[in-house]
Undergrad: 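Dropping a structure here in structure tokens format, bear with me for questions.
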2 protein chains.
Amino acid sequence: MVVHQRPTDVPEHRDQDLITLLRARGQRVTSQRLVILRELRRRGRHATAEEIYHAVRRDLPGTSTPTVYATLDLLVDLGLARKIDAGLGASLYDPRTEPHQHMVCRRCGRIEDVDGELDARALLRTASGQGFTADRVELVLHGVCATCLTT
Amino acid sequence: MVVHQRPTDVPEHRDQDLITLLRARGQRVTSQRLVILRELRRRGRHATAEEIYHAVRRDLPGTSTPTVYATLDLLVDLGLARKIDAGLGASLYDPRTEPHQHMVCRRCGRIEDVDGELDARALLRTASGQGFTADRVELVLHGVCATCLTT
DNA sequence: ATTGGTGCAAATCCTTTGCAATAGC
DNA sequence: GCTATTGCAAAGGATTTGCACCAAT
């Protein structure tokens, strides 16, 4: 059986956005950056820096933790990933940048996506539809305060 | 000038809820627990464990960090405080248990309350009324997932 | 008198830093 | 060749652990 690959199924074709963004900033396109982004996208969901680190070291053995952290933060900065603080020890890096939020199971620690806009009422309804019983909502706004805006 | 104190202005009178809750669980009423709760309430807003630690050590010199952490988590467990992960290094412990959320200034790190229910749209409006320009909303639901519920 | 709580020191976990070596441009 | 990136080792900050002692019940 022949599997027809669409262009985006070929990893190299998916890197264009990263390459373009880096070039636009005068930053370098390195194999670490490409491999880390590919790994994050291959997984398709939030992952810890450590998970990415171990996976990437199979493709690119010498890779270090500082590089993984720096690169993941760079991807966030470029808008290719989101950083999520789910209140567990480690931060999560998510290749899905569309509006969606997260629910954390207190018992098993599993973290699942909840799609939908930021209406918390609707979000709770969706979560419940996925069988998740939420009893706590943590909402944090990030931005710039009045004082800093005028300084 | 004579200042008339209402009963709740006398620290000892505010401890009743903690004492009652501890007794109901068969847990001990210790001076550390009382002093830590009083300090959190005296401040009236979210504080880090470290801030509480330093303040408490003035009243009760020998107090240790493990005790402060354990006690703050106990207060959360008893429903007398909330634990907030604002995505900065340290967790915050908040004596305000009513529904309210937080906004974090990316520049100065200041964390302010945003009162109101969990309708994110209304919350963003309130934040904007307080001069805060929010460009990122982080919402995490905590609870129990479908799998764990049936196990 | 019991044993839950505490203090101390040390460990752990996640993340960042300093600096020399390397690899993109 | 220039200098941004990298790897290594080590530091850093927040929180937790192990264990002997103390103090609330």
Side-chain angles (χ1 to χ4, degrees), chain A residues 15 18-37 39 46-54 56-78 81 83-93 104 109 111, chain B residues 12 15 18-37 39 46-78 81 83-93 104 109 111:
Chain A
D15 303 331
L18 174 57
I19 294 171
T20 306
L21 287 163
L22 286 173
R23 293 248 160 87
R25 290 179 164 212
Q27 289 187 283
R28 294 176 184 171
V29 179
T30 66
S31 48
Q32 289 85 345
R33 288 173 177 174
L34 292 171
V35 169
I36 289 167
L37 177 61
E39 178 59 26
H46 44 259
T48 62
E50 211 217 351
E51 286 165 347
I52 299 296
Y53 171 70
H54 286 306
V56 160
R57 280 179 74 93
R58 287 193 275 273
D59 292 20
L60 220 58
T63 312
S64 65
T65 33
T67 298
V68 172
Y69 279 100
T71 302
L72 289 170
D73 287 337
L74 173 66
L75 294 177
V76 170
D77 210 48
L78 292 171
K83 186 175 186 172
I84 297 145
D85 199 325
L88 306 175
S91 294
L92 299 172
Y93 293 87
V104 183
I111 298 163
Chain B
E12 297 73 47
D15 303 331
L18 174 57
I19 295 171
T20 306
L21 287 164
L22 286 172
R23 293 247 160 88
R25 291 179 164 212
Q27 289 187 282
R28 293 176 185 174
V29 178
T30 66
S31 47
Q32 289 85 343
R33 288 171 177 176
L34 292 171
V35 169
I36 288 168
L37 177 60
E39 178 59 26
H46 45 259
T48 62
E50 210 217 353
E51 286 166 347
I52 298 297
Y53 171 70
H54 286 305
V56 160
R57 279 180 74 92
R58 286 192 275 274
D59 292 21
L60 219 59
T63 311
S64 66
T65 33
T67 299
V68 172
Y69 280 99
T71 302
L72 288 171
D73 287 337
L74 173 66
L75 294 177
V76 170
D77 210 49
L78 292 170
K83 186 174 185 173
I84 297 146
D85 199 324
L88 306 175
S91 292
L92 299 171
Y93 292 87
V104 184
I111 297 163

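Please read all numbers here as calculations on a predicted model, not as lab measurements. Throughout, protein chains are lettered first and strands after them, A, B, ... in sequence-line order, and every chain is numbered starting at 1.
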Undergrad: Please report the distance, rounded to the nearest Å, between CG in B:L74 and P in D:dT15.
TA: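 Atom-to-atom, B:L74 to D:dT15, this comes out as 17 Å.
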Undergrad: Considering all heavy atoms of both residues, which atom of A:A86 and which atom of A:L92 are nearest to each other, and what is their separation?
TA: CB-CD1, 4.2 Å
Undergrad: Of all residues at least two apart in sequence or in a different chain, which pass the side chain to side chain contact (heavy atoms under 4.5 Å, CB included) check with B:E51?
TA: B:R43, B:A47, B:T48
Undergrad: Tell me the closest heavy-atom pair linking B:L88 and B:D85, and the distance in Å.
TA: O-OD1, 4.5 Å
Undergrad: Mind calculating the distance between CG (B:L75) and C1' (C:dG5) to the nearest angstrom?
TA: 14 Å
Undergrad: Would you give me the side-chain donor-acceptor pairs under 3.5 Å for residues 67-74 of chain A, sequence neighbours excluded?
TA:
| residue | atom | partner | partner atom | Å |
| --- | --- | --- | --- | --- |
| A:T67 | OG1 | A:S64 | OG | 3.1 |
| A:T71 | OG1 | A:T67 | O | 2.7 |
| A:D73 | OD1 | A:Y93 | OH | 3.0 |

Undergrad: Between B:A70 and A:T63, just flag the one whose closest nucleotide in DNA chain D comes earlier from the 5' side.
TA: A:T63
Undergrad: For the side chain of B:R33, starting at C-beta, report the closest nucleotide among D:dC8, C:dT15, C:dG5.
TA: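 Shortest atom-to-atom distance from the side chain points to C:dG5.
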Undergrad: When you measure from the side chain of A:H46 to the backbone N and O of A:I111, does any donor-acceptor pair fall under 3.5 Å?
TA: yes
Undergrad: How many Å lie between CG on B:L72 and P on D:dA14, as a whole number?
TA: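 Atom CG in B:L72 sits about 14 Å away from atom P in D:dA14.
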Undergrad: Check nucleotides 9-14 of chain C against the protein and report each pair of N or O atoms closer than 3.5 Å, with its distance, or say if there are none.
TA:
none

Undergrad: Is there a residue in residues 53-61 of chain B whose heavy atoms reach under 4.0 Å of DNA chain D, and which residues are they?
TA: none
Undergrad: Enumerate the residue pairs fulfilling side-chain hydrogen bond (donor to acceptor under 3.5 Å, both in side chains) with a member in residues 27-37 of chain A, sequence neighbours excluded, ordered by first and then second residue.
TA: A:R25-A:Q27
Undergrad: For B:L88 and D:dG13, what is the distance between atoms CG and C1' respectively, to the nearest whole Å?
TA: 13 Å
Undergrad: For the helix from C:dA1-D:dT25 to C:dC25-D:dG1, what angle lies between the axis at the first five pairs and the axis at the last five pairs, to 10 degrees?
TA: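 That helix has its two terminal axes inclined by roughly 30°.
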Undergrad: I'd like to check the side chain to side chain contact (heavy atoms under 4.5 Å, CB included) partners of A:L21; sequence neighbours left out, ordered by chain and number.
TA: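 For A:L21, the residues satisfying side chain to side chain contact (heavy atoms under 4.5 Å, CB included) (neighbours in sequence not counted) are A:L78, A:L80.
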Undergrad: Got a sec, which pairs hit salt bridge (Lys or Arg N to Asp or Glu O under 4.0 Å) with one end in residues 57-66 of chain B, sequence neighbours left out?
TA: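 Found none.
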Undergrad: Can you find a heavy atom in the side chain of A:L34 that is under 4.5 Å from one in the side chain of A:I19?
TA: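 Yes. Closest side-chain heavy atoms under 4.5 Å.
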Undergrad: Determine: side-chain N/O of B:T67 to OP1/OP2 of C:dG5, distance under 4.0 Å, yes or no.
TA: no
Undergrad: Would you give a per-nucleotide map of nucleotides 19-25 of chain D, 5' to 3', where B means the base has a protein non-hydrogen atom under 4.0 Å away, S means only the sugar-phosphate does, and - means neither?
TA: ----BBS
